[in-house]
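Take a look at this one; I'll ask things after.
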Amino acid sequence: MDKDKCTGCGVCAEACPIRYEVQLPPEEEAKARSAYAQATDEAVVAEIIDLYRDEPGNLLPILLDINSHFRWLPRPALEHLSQELQTPLSEILRVASFYNAFSLVPRGQHIINVCLGTGCFVKGSPRILAELERKLGVKHGETTEDMLFTLEVVRCIGCCALAPAMRVGDDTFGRLTPGQVGKIIDSYTKTANL
Ligand code: FES
């Protein structure tokens, strides 16, 4: 898939020959379910569904809004959606697991994207990543125990002139050195919404 050309129309997901249902390991499943506060979260999901209820092709926008609200797609929310849209859960999971924009496991309050694109790589972004992994105590693709940070790697965030670069949520940091990483992370820890 060419991410730059993706319009989110869903046609490629329809045509994808791979059919499977995503199943988390039992302990991950229990953790994911407990992160979903039943009554209030259900009300949020119901509101999102109502926004798009009568629109054709509403699955993707609903999933995007749910993912944006929770920062991931809780399984109970998808079960709720399955009932409301009268769409099999396996179909919803197939779409949800097809796009990188969606996560089926809880993600941290701040998503850190470290660029490992060529421009950043040659300017030392692997050392930035190593320092982040050391500081946060997680590997890329993982979330810190306190659910504050999820560390991810990406290929180019569109500011190659600032290489090496990373993004924390909507904030971009460029011309980074490993020595700056700790202070940046601390600034988010101090203002954390715990
Ligand atoms: S390669 Fe890192 S921002 Fe483009």
Side-chain angles (χ1 to χ4, degrees), residues 1-18 22 24 28 32 35 59-74 94-194:
M1 176 173 65
D2 186 336
K3 286 187 204 157
D4 294 334
K5 292 181 182 161
C6 178
T7 60
C9 69
V11 172
C12 52
E14 281 304 314
C16 183
I18 299 172
V22 177
L24 299 175
E28 284 288 321
L59 180 56
L60 267 180
I62 290 174
L63 288 176
L64 281 167
D65 277 13
I66 294 174
N67 195 77
S68 149
H69 179 85
F70 294 100
R71 298 191 299 274
W72 63 295
L73 295 172
R94 190 168 65 78
V95 175
S97 58
F98 183 79
Y99 294 100
N100 287 340
F102 299 133
S103 173
L104 293 168
V105 292
R107 295 166 101 210
Q109 197 172 317
H110 302 290
I111 311 294
I112 303 173
N113 289 147
V114 183
C115 179
L116 289 188
T118 308
C120 287
F121 193 92
V122 298
K123 294 266 181 139
S125 61
R127 289 191 301 129
I128 305 297
L129 177 62
E131 182 56 21
L132 280 164
E133 290 182 334
R134 191 198 63 74
K135 170 82 179 166
L136 297 171
V138 295
K139 294 285 178 202
H140 65 86
E142 294 179 349
T143 298
T144 55
E145 209 41 53
D146 58 10
M147 300 302 294
L148 261 184
F149 299 100
T150 295
L151 181 59
E152 296 177 344
V153 298
V154 291
R155 309 280 158 189
C156 195
I157 52 177
C159 52
C160 312
L162 298 179
M166 73 172 183
R167 199 172 270 154
V168 183
D170 293 332
D171 303 329
T172 301
F173 298 89
R175 301 197 180 98
L176 283 167
T177 63
Q180 295 171 322
V181 164
K183 269 196 188 153
I184 293 171
I185 295 302
D186 288 345
S187 71
Y188 287 91
T189 309
K190 280 186 201 129
T191 57
N193 179 18
L194 294 172

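Numbering of ligands and ligand atoms starts at 1, following listing order. Hydrogens, waters and symmetry mates are skipped; everything else that's a heavy atom, side chains included, is used.
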- prompt: More than 12 foreign heavy atoms under 6.0 Å from CZ of F173: is that the case here?
  reply: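 Above 12, so yes.
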query: Using a heavy-atom cut-off of under 4.0 Å, does the side chain or the backbone of C115 touch ligand 1, or both, or neither?
result: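 The answer is the side chain of C115.
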query: For ligand 1, which atoms, with element, lie under 4.0 Å from some heavy atom of C160?
result: 1 (S), 3 (S), 4 (Fe)
task: Could you check L104, L73, I62 and say which one makes a side chain to side chain contact (heavy atoms under 4.5 Å, CB included) with N67?
output: L73
- request: Without swapping roles, check the side chain of T172 against the backbone of R167 for a donor-acceptor pair under 3.5 Å.
  value: no
query: Hey, is there an N, O or S on C159 sitting under 2.8 Å from atom 4 (Fe) of ligand 1?
result: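 Of the N, O and S atoms in C159, none lies under 2.8 Å from atom 4 (Fe) of ligand 1, which means no.
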message: Report whether any nitrogen, oxygen or sulfur of C120 sits less than 2.8 Å from atom 2 (Fe) of ligand 1 (N, O or S, backbone or side chain).
response: yes
task: Would you confirm whether T143, through its side chain, and T150, through its main-chain N or O, come within 3.5 Å as a donor-acceptor pair?
output: no
message: If the cut-off is 4.0 Å to any non-hydrogen atom of I157, which atoms of ligand 1 fall inside it?
response: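 What qualifies from ligand 1 is 3 (S).
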For K123 against G119, the heavy-atom pair lying closest together: CG-O, 3.3 Å
